[in-house]
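Everything on this sheet refers to the single structure shown next.
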Amino acid sequence: MADFPINALRHSASHIMAQAVLRLFPKARTAIGPAIENGFYYDFDVDKPFTAEELEAIEKEMKVIVKERYKIESFDLPRDEACALMKDQPYKLELIDELPEGEPIHFYKHGEFTDLCAGPHVDHTGRVKAFKLLSATGAYWRGDSNRKMLCRIYGTAFDNKEELQAHLEALEEAKKRDHNRLGRELEYFTTVDYIGQGLPILMPKGARVIQLLQRWVEDEEQKRGYLLTKTPMMAKSDLYKISGHWDHYRDGMFIMGDPDDEEAEVFALRPMTCPFQFQVYLSRTRSYRDLPMRFNETSTLFRNESSGEMHGLIRIRQFTISEGHLACRPDQLDKEFEGCVNLASHMLETVGLDEDVSFRFSKWDPQNREKYIGSAEQWEQVQVRMKSILDHMGIVYTEADGEAAFYGPKLDIQIRNVHGKEDTLITIQIDFQLAERFGMEYTDSEGQKQFPYVIHRTSIGCYERTLALLIEKYAGALPVWLAPTQAVVLPITERQHDYAQTLYQRLVDAGFRVELDDRNEKIGFKIREAQVQKVPYMLVVGDKEMEGGQVAVRDRREGDIGTMTVDDFLSRLAQQVESKAK
RNA sequence: GCUGGAGUAGCUCAGCAGGUAGAGCAGCUGAUUCGUAAUCAGCAGGUCAGGGGUUCGAGUCCCCUCUUCAGCUCCA
């Protein structure tokens with residue numbers, strides 16, 4: 001039996017799905033249907049979106065087509081014949097129209113179904129044995145929100161039933177790690193409908209973890225020469241007019257006051273810290289000797305994301321980031337940029353997310369000039385500079401056009417959530433324009449005024465998002481140094497309650513986050529609850545332990561690890577916290 | 001913002017031919033004092049997301065709003 005790449009199999013599955021849809025819905029118009037990571041989809045233009053029952057019917061029809069074992073054949077046509085063949089398929093005609101002149105146009109055919117397609121495919125429909133349709137959703141034609149919304153069906157296909165089954169089970173497992181579910185269950189955060197979308201309530205556990213992260217990040221930044229600032233959360237529109245936000249980011253801001261009333265004072269909540277933190281630089285004249293200057297701030301920002309975008313703690317309207325801005329001379333740019341990357345890497349390694357990220361070099365889009373400030377020459381120049389820094393550091397990255405900030409290119413550190421959706425966790429940006437806009441200058445060694453480069457960067461990114469990803473990474477069981485509760489004291493009977501209380505107090509006095517469960521429940525019941533709550537250590541105390549001044553220590557992951565003196569346990573805990581062990 | 005699901009007790013869910021709401025877990029009270037994943041009994045808990053409408057009567061049908069989930073678009 002011939003071997004086919006999994007993409008060919010999935011692509012063929014998508015064609016078989018289109019064939020089944022056309023059998024059941026002859027009026028449907030087909031758009032595009034590629035293989036994607038872990039599966040495939042096909043977009044259709046139909047009168048009504050597919051229901052769950054219709055999806056089942058389509059899947060059933062697909063099985064019929066698989067059984068019929070149609071040969072999958074390719075052929076080429078000249079443009080006029082291709083158009084004639086696809087005359088009832090307007091989306092295909094649009095695609096044909098965009099293909100380069102003079103080259104043959106490829107088609108694939110099986111049974112009564114023919115599709116415009118570059119391939120590759122498997123040799124016959126009987127190969128597609130293990131597949132499943134997953135969902136039906138809306139998707140814009142050509143990904144353009146101004147164009148028609150089509151109906152997209154997602155599915156997946158594998159070489160065999162076992163792999164398919166394993167994949168479907170993995171999807172179920174992933175759902176259990178979802179921070180949006182676990183984070184609420186474990187009481188890290190909640191939301192309230194009359195507060196509004198994207199405005200989560202961080203509960204004691206969530207707030208504690210974020211506090212721990214913030215203290216650590218601020219201390220680490222201090223060690224690396226950063227100067228902490230605290231700047232206002234809102235400003236008059238005048239500030240944003242200087243920065244360019246008023247023209248380039250107004251839709252994303254929460255504005256207070258009527259912008260159309262010339263007399264009224266108009267304020268806006270800050271969507272970024274840059275124009276505020278720049279004022280520190282601007283407060284006096286600066287010399288080349290002052291540079292580099294590194295400012296950091298634990299900064300709460302407000303962005304008016306559109307209503308469909310919010311997701312748990314990952315995409316919200318008010319959030320707090322480890323924001324920072326560095327002003328430096330051109331000759332310092334490489335070193336400062338590297339310093340930012342190294343700091344971010346250190347943060348990721350320490351929390352254990354370093355294996356899960358990828359780097360993206362986000363560039364401007366020369367075709368979309370109104371999104372950006374500055375000239376094409378400036379953009380090209382700074383992008384070349386940034387690329388050389390990245391290459392020199394040996395960073396492996398992908399390039400993305402049109403993902404730059406409006407003032408400069410970015411190195412984005414991307415991470416995927418448990419559902420595979422990618423978001424930016426950390427960003428390091430080179431800005432060659434805002435200094436000039438704000439009149440940030442320094443006097444160089446020749447006595448000339450110069451504008452510094454500004455690096456905008458985060459070190460661990462947005463705390464809420466980081467918390468979400470940590471919950472997913474560790475399935476709620478955070479490392480000891482970050483765990484909101486590090487140990488729970490479990491007396492077996494009432495006889496040990498006084499001892500348990502003393503033990504609890506000793507741990508609290510030593511600076512640890514401890515709980516005492518002195519309910520008169522069975523020890524097995526109490527251990528189970530602590531397991532569910534993902535507490536790293538359970539300290540069981542019965543008569544034996546009380547008499548010996550000891551604790552029986554149970555590790556959440558490893559089970560019983562022995563009876564030890566309280567001092568031994570304290571030093572064990574201290575060592576783990578100190579080393580930030582995972 | 002768009003398309004489609006969903007919203008019943010703190011949580012997971014049942015109730016759907018329209019006839020005034022039910023289970024398990026959690027909570028509380030009492031009993032139990034127990035050695036590693038669920039001790040027993042009792043009690044309490046809901047303007048069925050909010051508002052409007054149809055009806056003698058609405059959790060159930062219709063409309064609007066809010067929230068939430070998946071996907072698309074967006075993410076400076």
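So you know, we letter chains A, B, ... as the sequences are listed, proteins then strands, and number each from 1.
Annotation: B:U47 and B:A9 have their C1' atoms spaced 14 Å apart (nearest Å). With P as the reference atom, B:C72 and B:G51 are 35 Å apart, rounded to whole Å. Separating the C1' atom of B:G19 from that of B:U12 is a span of 28 Å, rounded to the nearest Å. Comparing the C1' positions of B:C64 and B:A17 gives an interatomic distance of 28 Å, to the nearest angstrom. Rounded to the nearest Å, the gap between the P atom of B:C13 and that of B:G7 is 10 Å. When the C1' atom is compared between B:G45 and B:G24, the two are found 15 Å apart, to the nearest whole Å. Spacing between B:G18 and B:G57 at atom P, rounded to whole Å, works out to 16 Å. Spacing of C1' atoms, B:C66 relative to B:A26, comes out at 28 Å, to the nearest Å.
Using a 4.0 Å heavy-atom criterion, one finds that A:Thr493 contacts the bases of the nucleic acid, with or without backbone contacts as well. Counting any heavy atom pair closer than 4.0 Å across all strands shown, A:Tyr154 reaches sugar-phosphate atoms only and no base atom. Within 4.0 Å of A:Ser135, counting heavy atoms only, lies no atom of the nucleic acid at all. Contact annotation for A:Arg152: backbone-only contact, meaning every heavy-atom pair under 4.0 Å involves sugar-phosphate atoms and none involves a base. Within the 4.0 angstrom heavy-atom criterion, no nucleotide atom of any strand lies near A:Asp144. At a threshold of 4.0 angstrom between heavy atoms, the contacts of A:Glu187 with the nucleic acid are absent. Residue A:Gly308 is in base contact, counting any heavy-atom pair closer than 4.0 Å across all strands shown. Heavy atoms of A:Gly143 sit under 4.0 angstrom from primed sugar atoms or phosphate atoms, though from no base atom. Among the atoms of the strands shown, only primed sugar atoms or phosphate atoms (P, OP1, OP2) are found under 4.0 Å from some heavy atom of A:Phe406. Using a 4.0 Å heavy-atom distance criterion, A:Lys371 is classed as a sugar-phosphate-only contact. Nucleic acid contact class of A:Glu521 (heavy atoms, under 4.0 Å, all strands): base.
With A:Trp141 as the aromatic partner, A:Lys148 does not meet the cation-pi criteria of under 6.0 angstrom to the ring centre and within 45 degrees of the ring axis.
At whole-Å resolution of the value, CZ in A:Arg317 and P in B:C74 are 18 Å apart.
For the residue pair A:Arg177/A:Tyr474, the side-chain donor-acceptor check at 3.5 Å is not satisfied.
Across every strand in view, B:A17 sits unpaired, with no contact that passes the Watson-Crick or G-U test at under 3.5 angstrom.
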**OP:** Evaluate the criterion salt bridge (charged side-chain N to carboxylate O under 4.0 Å, His left out) for residue pair A:Lys176 and A:Glu173; output intermediate values, then yes/no.
**Re:** CA-CA 5 Å; A:Lys176 289 185 194 157; A:Glu173 281 303 305; 3.0 Å; yes
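The two residues A:Lys92 and A:Ala31 come nearest to each other via the heavy atoms NZ-O, 2.6 Å.
Relative to the side chain of A:Lys522, the nucleotides B:U39, B:C74, B:A49 differ in distance, and B:U39 lies closest. Checked against B:C34, B:C74, B:U36, the side chain of A:Arg495 finds its nearest nucleotide in B:C34.
Note: A:Trp364 and A:Trp379 have parallel aromatic rings, judged against thresholds of 30 and 60 degrees for the angle between ring planes.
Within 6.0 Å of the CZ atom in A:Arg147, the count of heavy atoms belonging to other residues, nucleotides or ligands exceeds 12.
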